[in-house]
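All values below come from the heavy atoms of this structure, side chains included, with hydrogens, waters and symmetry mates left out. In this chain, residues are counted from 1 in sequence order.
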Amino acid sequence: QVQVVESGGGLVQAGGSLRLSCAASGRTFWNYGMGWFRQAPGKEREFVAAISRSGGNKYYSDSVKGRCTISRDNAKNTGFLQMNSLKPEDTAVYYCAMGVVGGTSISGYNYWGQGTQVTVSS
């Protein structure tokens with residue numbers, strides 16, 4: 001079992017930055033791909049970014065490409081999502097997930113955090 005906890009959300013003005021953190025329990029953090037997803041009110045949960053087990057492969061949605069950077073520190077069981085040039089449409093609850101398959105699909109993830117709210121004001 002892996003427990004996932006996100007942090008770092010908050011209220012920021014458009015154009016600002018936030019760094020989300022994802023802390024995962026367990027000794028096998030390195031064995032899971034990590035992904036970030038978001039869900040805005042009234043919308044389905046959508047893919048934001050993903051990183052492979054070693055960190056060598058990274059994937060981004062078109063909506064955040066060039067503005068966000070995903071990273072992970074396997075020694076510290078922690079992952080990050082650096083978000084820059086934030087827009088009001090980035091407002092959502094952001095979820096970190098860990099999965100044996102990983103990738104860009106929700107179905108690739110086995111463990112999910114409770115989410116952290118990101119609100120971008122115009």
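At distances below 3.5 Å, not a single donor-acceptor pair connects side-chain atoms of N31 with backbone N or O atoms of T28. A donor-acceptor contact shorter than 3.5 Å links the side chain of K58 to the backbone of I70. In this structure, the side chain of S107 does not engage the main chain of S105 through any donor-acceptor pair within 3.5 Å. In this structure, the side chain of Y32 does not engage the main chain of V101 through any donor-acceptor pair within 3.5 Å. Using a distance-only test at 3.5 Å, with no hydrogens or angles considered, no donor-acceptor pair links the side chain of T116 to the main chain of S7. E6 places a side-chain N or O within 3.5 Å of a backbone atom of Q114 that can act as its donor or acceptor partner. Of the possible donor and acceptor atoms, none in the side chain of T78 sits under 3.5 Å from a partner among the backbone N and O of A23. Judged purely by atom type and a 3.5 angstrom limit, R19 has no side-chain atom pairing as donor or acceptor with the backbone of Q82. Of the possible donor and acceptor atoms, one in the side chain of S52 sits under 3.5 Å from a partner among the backbone N and O of N57.
For Q3, the CD atom sits in a loose shell: 12 or fewer heavy atoms of surrounding residues, nucleotides or ligands are nearer than 6.0 Å.
With Y60 as the partner, the side chain to side chain contact (heavy atoms under 4.5 Å, CB included) test is satisfied by one option alone out of T104, V48, T69: T69.
The hydrophobic clustering, which links ILVMFWY residues whose side-chain heavy atoms are closer than 4.5 Å, places I106 and I51 apart. Connection of Y109 to V64 is not established within any shared hydrophobic cluster, with ILVMFWY side chains joined at heavy-atom distances below 4.5 Å, either directly or through further cluster members. M98 is connected to L81 through a chain of hydrophobic side-chain contacts under 4.5 Å among Ile, Leu, Val, Met, Phe, Trp and Tyr, so both are in one cluster. In the hydrophobic clustering of this structure, V5 does not group with L20; members are Ile, Leu, Val, Met, Phe, Trp, Tyr whose side-chain heavy atoms approach within less than 4.5 Å, directly or through other members. By the rule that hydrophobic residues join a cluster once side-chain heavy atoms approach within less than 4.5 Å of another member, V93 and F47 end up as members of one cluster.
For the residue pair V2 and A24, the shortest heavy atom distance occurs at CG1-CB, 4.0 Å. Summarising the geometry of D90 relative to S85, their closest heavy-atom pair is OD2-O, 4.5 Å, with the distance given to 0.1 Å. Among all heavy-atom pairs drawn from P88 and A14, the shortest one is CD-CB, 4.1 Å.
Residues R38 and S63 have side chains in contact (heavy-atom distance under 4.5 Å, counting atoms from C-beta outward). When side chains are defined from C-beta on, Q117 counts as touching T91, because their heavy atoms get closer than 4.5 Å. Between L18 and V118 the shortest side-chain heavy-atom distance falls below 4.5 Å.
Between F37 and Y95, the ring center distance fails the sub-6.0 Å criterion.
Cation-pi check for R45 over W112 is met; the charged atom lies under 6.0 angstrom from the ring centroid and within 45 degrees of its normal. A cation-pi arrangement, defined by a distance under 6.0 Å to the six-membered ring centre and an angle within 45 degrees of its axis, is absent between R53 and F29.
Salt bridge D62/K65: present, at least one basic N to carboxylate O contact under 4.0 Å.
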| query | Could you go step by step and tell me if C22 and W36 meet the side-chain contact (heavy atoms from CB on, under 4.5 Å) rule? | reply | CA-CA 9 Å; C22 175; W36 287 93; 3.6 Å; yes

| request: Please step through side-chain contact (heavy atoms from CB on, under 4.5 Å) for the pair C96 and M34, ending with a clear verdict. | output: CA-CA 7 Å; C96 178; M34 185 182 76; 3.8 Å; yes

| Does the side-chain contact (heavy atoms from CB on, under 4.5 Å) test come out yes or no for L86 and Q13, once each step is laid out? | CA-CA 8 Å; L86 284 162; Q13 290 187 332; over 6 Å; no

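Put simply, CZ on F80 and OG on S21 are 5.0 Å apart, with the number rounded to the nearest 0.5 Å.
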